[in-house]
Amino acid sequence: MPVVKTVSRAVSQLLQSSGCGCGISIVPVRCIGVSPRQVASDASFHSVSFSESDHPRVLITGGLGQLGVGLAKLLRKRFGKSNVILSDIRKPPDNVFHSGPFIFADILDYKNLREIVVNNRITWLFHYSALLSAVGEANVPLARAVNITGLHNVLDIAAEHNLRLFVPSTIGAFGPTSPRDPTPDLCIQRPRTIYGVSKVHAELMGEYYHYRYGLDFRCLRYPGIISADSQPGGGTTDYAVQIFHDAIKTGKFQCNLKPDTRLPMMYIDDCLKATLEVMEVPAEALSMRTYNISAMSFTPEELAQEVQKHIPELQVTYNVDEVRQAIADNWPMNFDDRNARRDWGWKHDYDLPELVTTMFSFLGSDSRIAQAN
């Protein structure tokens with residue numbers, strides 16, 4: 001299978017050369033999925049369903065990134081360490097390996113992934129494998145394989161084994177013809193990046209599998225996610241993480257977006273909380289299968305001003321990356337998430353001042369950081 005081998009080699013090279021952006025791990029994909037007809041014919045192989053009183057058995061694919069590791073920690077506190085399996089194709093660091101179950105899971109290998117679901121009696125699956133915006137534009141064929149073909153494999157396995165499936169979407173699922181301030185759940189999308197196109201595809205395929213096969217598909221459109229636990233790399237919103245590292249290390253920060261570029265953002269704890277909440281909501285409470293979620297919206301200039309309350313001598317300059325700026329200019333400025341707040345009580349905890357204070361508390365302080373009032 002030369003195409004599969006080529007994709008696998010490309011993924012391996014990319015993993016060795018750089019991160020995939022925003023801490024989301026890259027998992028290679030198989031190029032041949034199971035057809036919907038096979039889903040129906042394989043019904044006799046379904047594992048025994050858990051009752052509502054039992055804890056879910058969870059598998060997280062692409063789990064060594066920022067969101068996967070954080071989600072595993074949250075779910076293990078909620079459901080028990082042994083009920084949450086983290087998986088990836090990379091070797092985990094010691095702290096992750098010893099924090100709970102970890103297995104090698106290559107979604108290129110459909111049969112092996114299916115065996116993992118059956119042997120571990122998985123009932124919930126979180127699919128966190130994707131190439132992000134800027135990285136995806138640099139390698140469109142690989143992004144298409146990882147983001148689209150990989151999704152098809154996961155959808156087929158989830159439908160076959162009656163899983164509750166979560167697939168994240170993004171602000172990148174919208175485009176230049178979408179309303180930007182605010183952006184509602186349902187509107188014209190038409191993104192112009194392979195990342196955005198693949199996420200619209202994921203939303204529609206998930207909804208199709210829900211209505212066609214009864215798959216319990218759930219999806220949240222994440223804003224830019226900010227975390228102290230990961231290094232930036234590949235995402236258009238990564239400047240909002242880089243500024244904290246540069247402020248502490250050098251006292252100088254060069255932003256690759258224009259100072260007035262407004263984008264919706266969220267601290268990682270709010271993101272993980274929303275993900276768990278939407279998975280726990282009874283299906284009948286959901287009026288849709290894909291929701292916007294939001295917390296705050298700010299520009300690089302506004303973020304810099306808040307950071308300078310802690311490090312007054314921080315020097316901020318702007319060297320605009322045309323690729324990232326063009327992407328950001330097509331994205332929402334504010335998310336309208338009233339449906340999530342109405343249907344399942346979504347409420348964020350972190351606004352911009354709390355975000356900045358929390359980031360500095362996790363990253364540590366040095367002699368440049370002033371005491372904030």
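Quick caveat, the model's predicted, so the values are computed rather than measured.
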Applying a strict under-4.5 Å side-chain criterion to I, L, V, M, F, W and Y, I'd like to know whether [X] and [Y] cluster together.
X      : Y      : value
Ile225 : Phe362 : yes
Met205 : Tyr110 : yes
Ile103 : Leu163 : yes
Val200 : Val197 : no
Leu155 : Ile116 : yes

Report task. List in chain and number order the residues that pass side chain to side chain contact (heavy atoms under 4.5 Å, CB included) with Ser297, two or more places apart in sequence or in another chain; answer none if no residue qualifies. Result -> Arg262, Asn334
Report task. Would you please name every residue forming a side chain to side chain contact (heavy atoms under 4.5 Å, CB included) with Val281, sequence neighbours left out? Result -> Arg218, Ala285, Leu286, Trp344
Heavy-atom pair with the smallest gap, counting every atom of [X] and [Y]:
X      : Y      : value
Leu355 : Met296 : CD2-SD, 3.8 Å
Asn292 : Asp337 : O-CB, 3.2 Å
Ser87  : Thr61  : OG-CA, 3.4 Å
Gly63  : Asp88  : N-OD2, 3.4 Å
Leu113 : Ala105 : CD1-CB, 4.4 Å
Gln308 : Leu314 : NE2-O, 3.0 Å

May I ask you to decide if the ring planes of [X] and [Y] are parallel, tilted or perpendicular, using 30° and 60° as cut-offs?
X      : Y      : result
Phe335 : Phe174 : perpendicular
Trp124 : Phe79  : perpendicular
Tyr213 : Tyr208 : perpendicular

Requested in this report: Look only at the side chain of Thr357 and the backbone of Glu354, and say whether a donor-acceptor pair between them is shorter than 3.5 Å.
Outcome: no
Could you verify whether a donor N or O on one side chain and an acceptor N or O on the other, from [X] and [Y], lie under 3.5 Å apart?
X      : Y      : value
Gln242 : Asp246 : yes
Thr275 : Tyr222 : yes
Asp260 : Thr299 : no
Gln325 : Asp321 : no
His161 : Arg121 : no
Asn147 : Ser198 : yes
Tyr318 : Asn256 : no
Tyr267 : Asp349 : no

Query raised in the report: Does the side-chain contact (heavy atoms from CB on, under 4.5 Å) test come out yes or no for Val58 and Ile122, once each step is laid out?
Result: CA-CA 6 Å; Val58 179; Ile122 298 302; over 6 Å; no
Could you tell me whether the side chain of [Y] reaches within less than 4.5 Å of the side chain of [X], counting heavy atoms only?
X      : Y      : result
Tyr209 : Phe217 : no
Tyr128 : Val167 : no
Met333 : Leu263 : no

Neighbour count >12 (heavy atoms, 6.0 Å) for atom [atom1], [X]:
X      : atom1 : value
Arg338 : CZ    : no
Lys273 : NZ    : yes
Phe104 : CZ    : yes

Query raised in the report: Which pairs pass salt bridge (Lys or Arg N to Asp or Glu O under 4.0 Å) with one or both residues in residues 188-212, sequence neighbours excluded?
Result: Glu203-Arg221
Report summary line: Residues at least two apart in sequence or cross-chain that pass ring-ring contact (aromatic ring centres under 6.0 Å, His included) with Phe244, listed by chain then number, are Phe360
Requested in this report: With sequence neighbours left out, write down each residue that passes ring-ring contact (aromatic ring centres under 6.0 Å, His included) with Phe253, or none if nothing qualifies.
Outcome: none
Query raised in the report: Are Asp216 and Arg289 within salt-bridge range, i.e. N to O under 4.0 Å?
Result: yes
Query raised in the report: By the rule that ILVMFWY residues connect when side-chain heavy atoms come within less than 4.5 angstrom, directly or transitively, which residues belong alongside Tyr211?
Result: none
